[in-house]
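What you see is a predicted model, and the numbers here were worked out from it, not measured in a lab. Residue numbers begin at 1 in each chain, while the letters A, B, ... track the order of the sequences.
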There are 2 protein chains.
Amino acid sequence: MTQPIPDDFFDPACPSSAMPIRVGEKWGGMVVVLLEKGPLRFTELKRPMRAVTSKVLTETLRSLERDGMVTRTAYAEVPPRVEYELTDLGRTLLGPIQACRDWATANLPALLEARAGWDG
Amino acid sequence: MTQPIPDDFFDPACPSSAMPIRVGEKWGGMVVVLLEKGPLRFTELKRPMRAVTSKVLTETLRSLERDGMVTRTAYAEVPPRVEYELTDLGRTLLGPIQACRDWATANLPALLEARAGWDG
DNA sequence: CTGTATCCGACACGATACTG
DNA sequence: CAGTATCGTGTCGGATACAG
């Protein structure tokens, strides 16, 4: 944004408004990061994300799958095996996610300090 | 993340978990971008964000203020004048926000196409 | 101009129990 | 192993009206 601010800066078609579509999700970014180095099974995702329930993890994965970020491959075996893998499109999320992680690492302490001062 | 995935990848103290604190907010990013080039008054923020109500914009600004991203300066005049300005800390958000905007510009069409295919 | 005060609906998230 | 089914809760965003 180096242009002057127009009166209709808020345009539903503006790509920026899509940020929350994927980044705003609570567990989505974590799944993407976990899948960075290769496909993982449902349980392999769930274990490190200890606070997530099966239901919510399933919802998160379906959402990522719907948006073309992740593929789901089920193998007809007993016991069942399902693998989740990043698509090329999903891989493009790694950049912005890393930018957010770097920001948090550098600036979260300052944020928390400001918040503590405001609250207390 | 180039390290092996630990079993306790989910750590509440992990800075990454703070991403939604600021970026996940619906209007927060927009306010930061609008303030990039200098302080603005309440109405000057509200006008371009046409879909936002006074209540929600106020909540957003209070939240940014609480986290030390924005300062609020009220002038004892009639009619009242209030100016909002980015802090140095708030300015650090511009990087990750821009990364998300760039991502959306480049990849939102592919996302929507995938979604349409999944839904239809 | 810069907000507050209510009320409300939607939805994300979670707890718990159960299944092929 | 990889989910589904139900139910409950809280929070966010929005509509509307009003105020200093």
When rounded to the nearest 0.5 angstrom, what distance separates CG in B:Leu57 from CE in B:Met30?
10.5 Å

Please report, rounded to the nearest Å, how far the P atom of C:dC13 is from the CE atom of A:Met30.
13 Å

Check the distance between C:dC13's P and A:Trp27's CH2 and give it to me in whole angstrom.
9 Å

D:dG13 phosphate, OP1 or OP2: any side-chain N/O from B:Thr53 under 4.0 angstrom?
no

Pick base, sugar-phosphate or nothing for B:Tyr75, based on heavy-atom distances below 4.0 Å to the nucleic acid.
nothing

Minimum-distance nucleotide (side-chain atoms of B:Pro79 versus C:dG3, C:dC13, C:dC1):
C:dC1

Just N and O in the side chain of A:Arg41: are any of them under 4.0 Å from OP1 or OP2 of D:dA2?
yes

Can you confirm whether more than 12 heavy atoms, excluding those of B:Asp88, are under 6.0 Å from its CG atom?
no

Roughly how many Å is it from NZ in B:Lys46 to P in D:dA15, rounded to a whole number?
10 Å

For nucleotides 4-10 of chain C, give me every protein contact, N/O to N/O, under 3.5 Å, one pair per line with atom names.
residue : atom : partner : partner atom : Å
C:dT4   : OP1  : B:Arg62 : NH2          : 3.1

Measure the distance from CZ on B:Arg81 to C1' on D:dG20 and round it to the nearest whole Å.
18 Å

Closest nucleotide of DNA chain C for B:Glu83 versus for A:Pro80: which of these residues is on the 5' side?
B:Glu83

Nearest-0.5 Å distance that lies between atom OG1 in A:Thr58 and atom CD in A:Glu65
11.0 Å

Spacing of B:Glu44 atom CD relative to C:dT2 atom C1', expressed in whole Å
13 Å

For D:dG3, take OP1 and OP2 only and decide whether either is under 4.0 Å from a side-chain N or O of A:Tyr84.
yes

Whole angstroms only, please: what is the CD-C1' distance between B:Glu59 and D:dT11?
10 Å

Between the side chain of A:Glu44 and the main-chain N/O of A:Arg41, is any donor-acceptor distance below 3.5 Å?
yes

When the side chains of residues 68-79 of chain A are checked against the rest of the protein, which donor-acceptor pairs come out under 3.5 Å, sequence neighbours left out?
residue : atom : partner : partner atom : Å
A:Thr71 : OG1  : A:Glu85 : O            : 3.4
A:Arg72 : NE   : A:Tyr84 : OH           : 3.4
A:Glu77 : OE1  : A:Arg81 : NE           : 3.3
A:Glu77 : OE2  : A:Arg81 : NH2          : 3.0

What is the distance, to the nearest angstrom, from the CG atom on B:Leu57 to the C1' atom on D:dG14?
13 Å

Qualifying residues under salt bridge (Lys or Arg N to Asp or Glu O under 4.0 Å), relative to B:Glu59, sequence neighbours excluded:
B:Lys55

